[in-house]
Amino acid sequence: MSFDPNSSFLFILAAIVIAFVVAQSVFFLMRAYRHGAAIGMDKAQLKKTILSTAVFTIAPAVSILLGILTLSKFLGIPLPWIRLSVVGAITYELPAATSTATALGLSLADTITDAKAYTAIAWVMTLGIIPGMIMIPLFLKKIQGGIMKIKNKDGKWGDLFMTSLFLGMISAFLGMVFTDVRNGLAGWIPIFVLLFSALIMGVCGILIKVCKMKWLETYALSISMILSMVFAVIITPLIG
Amino acid sequence: MNTTYNDKSHFYGRIWILTALFMLLSVPVVICLYYGAWPEGTAVLKGLLGVAPIFWTVAVIEVFTYGPMLGTGGSYLAFVTGNITNIKAPAALNAMENAQVKPGSEEGEVISTLAIATSSIVTTLVIAVGVLLLSVLTPVLNSPVLKPAFDNILPALFGGLAVVYISKNWKLSLTPLIFLLLFYIPASNSRQIQFLLYIILAGRRVDFSGGGKDYV
């Protein structure tokens, strides 16, 4: 059988997987909303959470779409679409495809035509990202139990522990911004963008607190992200 | 926390995530069967060796880091829908911050799950629309003018998010930020350094056992 990485069969397979992901999301969304209302949480707050998250998600989702476009030149649309809708992230999928293509002596610049090479890449992309899906059902309850024990023993320490986990995570990712600083001024662009984003968020914070612009809370992160992306578009040609 | 709701979240979450795992593994099996093309084991092994050691380790660390932060429903959902670092975790943490609820609380569980579910649905919709309008969107998305915007999406996102948390917990932030500068600036392989940093930050637990309360 001739092989086409954009065949109808692969698109149907992608549609089934994506429908499953949407179904799971809708299930948990409705469950959380009903439970929030049942325990007396303000329904307006719940709706505000949904709206602000929806707005915030659009720009990063477009960057995922870009990831699919990048991979589609080599792998067609359906496989990257599946992989980036279930567990995947472009930071994993691209190295996984590159690693297997290199092992098979293929170039990522040409559309894949060999079914065996395609399935090898599909397996590597799949097997590389399953540990999280195995570990969560096995250990999540135990991890939460451990956190609860810490909190029950010393509530303040428990909160500190959670905050430090997040600060650790955010520092790890902030650090990635610094990896190109030795490549001249162009390597500093991500740092300038990061600082600009922090500045815009700070201005939003002042507007919310001092000018009582409470509505801005919902969109502050989205605004700082979008304006910083615009800032990157402006400064890159000037510096790079 | 309401144990009944949380226990049920674990029950439903396990069913969903294990079904997703089965489905995920079925995808390459079905493709192999349909095309009658099973790959060479050595090709898969070689490809996997290039990425698995670091990504499997990072996955383990992510489970322990994000699990408590995202809550029960949020974790079962985020670990299926993926893109945790660049979308799901920031979405959940920003939503909890705006709603003034804490991760791990019952209200935090609700808000985090709502945020992660919403961002999963919106991401899927954006991608679906993008794929349908591919011929129209490709030149726009691939334009050199917009490239820097998407190249810098993570600093654009984390700058805004970090300033909120660091300003509120600046004393607690000092150690990881110092390590960040010490390790990242001289480094060339960010992924390996990120992994190393995770270990160090996990080790921060030790810091608190002696005088954690002094940090706030």
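In what follows, chains are A, B, ... by sequence order, proteins preceding strands, each numbered from 1. Reckoned from all heavy atoms, side chains included, excluding hydrogens, waters and symmetry mates.
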Contacting moiety of [X], where chain A heavy atoms sit under 4.5 Å:
{"X": "B/Ala128", "result": "both"}
{"X": "B/Leu18", "result": "side chain"}
{"X": "B/Val164", "result": "side chain"}
{"X": "B/Met69", "result": "both"}
{"X": "B/Ser9", "result": "both"}
{"X": "B/Thr124", "result": "side chain"}
{"X": "B/Ala162", "result": "both"}
{"X": "B/Ile116", "result": "neither"}
{"X": "B/Glu40", "result": "side chain"}
{"X": "B/Thr19", "result": "both"}
{"X": "B/Leu49", "result": "neither"}

Could you check B/Thr113 against A/His35 for side chain to side chain contact (heavy atoms under 4.5 Å, CB included), going step by step and ending with a plain yes or no? CA-CA 11 Å; B/Thr113 309; A/His35 185 67; over 6 Å; no
Against chain B, label [X] side chain, backbone, both or neither, depending on which of its atoms sit under 4.5 Å from a heavy atom there.
{"X": "A/Leu66", "value": "side chain"}
{"X": "A/Tyr118", "value": "side chain"}
{"X": "A/Met133", "value": "both"}
{"X": "A/Leu127", "value": "both"}
{"X": "A/Gln144", "value": "side chain"}
{"X": "A/Phe27", "value": "side chain"}
{"X": "A/Ala23", "value": "both"}
{"X": "A/Ile136", "value": "both"}
{"X": "A/Ser72", "value": "neither"}
{"X": "A/Leu13", "value": "side chain"}
{"X": "A/Ser63", "value": "both"}
{"X": "A/Leu104", "value": "side chain"}
{"X": "A/Val230", "value": "neither"}
{"X": "A/Phe28", "value": "both"}

Take a 6.0 Å sphere around NZ of A/Lys141 and say whether it holds more than 12 heavy atoms from other residues, nucleotides or ligands. yes
Nearest atoms (heavy-atom pairs only) where [X] meets [Y]:
{"X": "A/Ile208", "Y": "A/Ala220", "value": "CD1-CB, 4.5 Å"}
{"X": "B/Pro103", "Y": "B/Met96", "value": "CA-SD, 3.7 Å"}
{"X": "B/Ala78", "Y": "B/Lys88", "value": "CB-CB, 4.2 Å"}
{"X": "B/Ala156", "Y": "A/Ser228", "value": "CB-CB, 3.6 Å"}
{"X": "B/Ala95", "Y": "B/Ala115", "value": "CB-CB, 3.8 Å"}
{"X": "A/Ala61", "Y": "B/Thr123", "value": "CB-CA, 3.9 Å"}

Please rank [options] by heavy-atom pairs under 4.5 Å with chain A and give me the top one.
{"options": "B/Pro68, B/Gly73, B/Ser75", "answer": "B/Pro68"}
{"options": "B/Leu114, B/Val163, B/Val63", "answer": "B/Leu114"}
{"options": "B/Ala20, B/Gly36, B/Ser120", "answer": "B/Ala20"}
{"options": "B/Pro39, B/Gly82, B/Ser167", "answer": "B/Pro39"}
{"options": "B/Ala149, B/Ala43, B/Gly50", "answer": "B/Ala149"}
{"options": "B/Leu45, B/Leu146, B/Leu25", "answer": "B/Leu25"}

Any side-chain heavy atom of A/Ile64 within less than 4.5 Å of one from B/Ile127? yes
Are A/Ser25 and B/Leu77 side-chain neighbours, meaning at least one heavy-atom pair lies under 4.5 Å? yes
Taking the side chain from [X] and the backbone from [Y], do they hold a donor-acceptor pair closer than 3.5 Å?
{"X": "B/Ser112", "Y": "B/Leu70", "value": "yes"}
{"X": "A/Glu93", "Y": "A/Pro80", "value": "no"}
{"X": "B/Asn152", "Y": "B/Pro148", "value": "yes"}
{"X": "A/Thr119", "Y": "B/Ala37", "value": "yes"}

With respect to chain B, which residue among [options] yields the maximal number of heavy-atom pairs within a distance under 4.5 Å?
{"options": "A/Phe139, A/Phe9, A/Phe192", "value": "A/Phe9"}
{"options": "A/Thr126, A/Ile129, A/Leu195", "value": "A/Thr126"}
{"options": "A/Gly132, A/Ala101, A/Cys204", "value": "A/Gly132"}
{"options": "A/Ile68, A/Leu51, A/Ile143, A/Leu221", "value": "A/Leu221"}
{"options": "A/Lys116, A/Lys48, A/Arg31, A/Met201", "value": "A/Arg31"}
{"options": "A/Leu199, A/Val22, A/Leu69", "value": "A/Leu69"}

Which distance, rounded to the nearest 0.5 Å, do you find between the CG of A/Leu84 and the CG of A/Leu79? 9.0 Å
For B/Trp16 and B/Tyr76: C-alpha separation, side-chain torsions, deciding distance, then whether ring pair (Phe, Tyr, Trp, His ring centres under 6.0 Å) applies. CA-CA 8 Å; B/Trp16 278 103; B/Tyr76 282 110; over 10 Å; no
Assess whether side chain to side chain contact (heavy atoms under 4.5 Å, CB included) is satisfied between A/Thr49 and A/Thr218, documenting all intermediate values. CA-CA 8 Å; A/Thr49 299; A/Thr218 312; over 6 Å; no
Derivation of the side chain to side chain contact (heavy atoms under 4.5 Å, CB included) call for B/Tyr35 and A/Leu10: CA-CA 11 Å; B/Tyr35 288 103; A/Leu10 290 172; 3.9 Å; yes
For A/Val86 and A/Trp81, what are the C-alpha separation, side-chain angles and deciding distance, and is it a side chain to side chain contact (heavy atoms under 4.5 Å, CB included)? CA-CA 9 Å; A/Val86 187; A/Trp81 194 4; over 6 Å; no
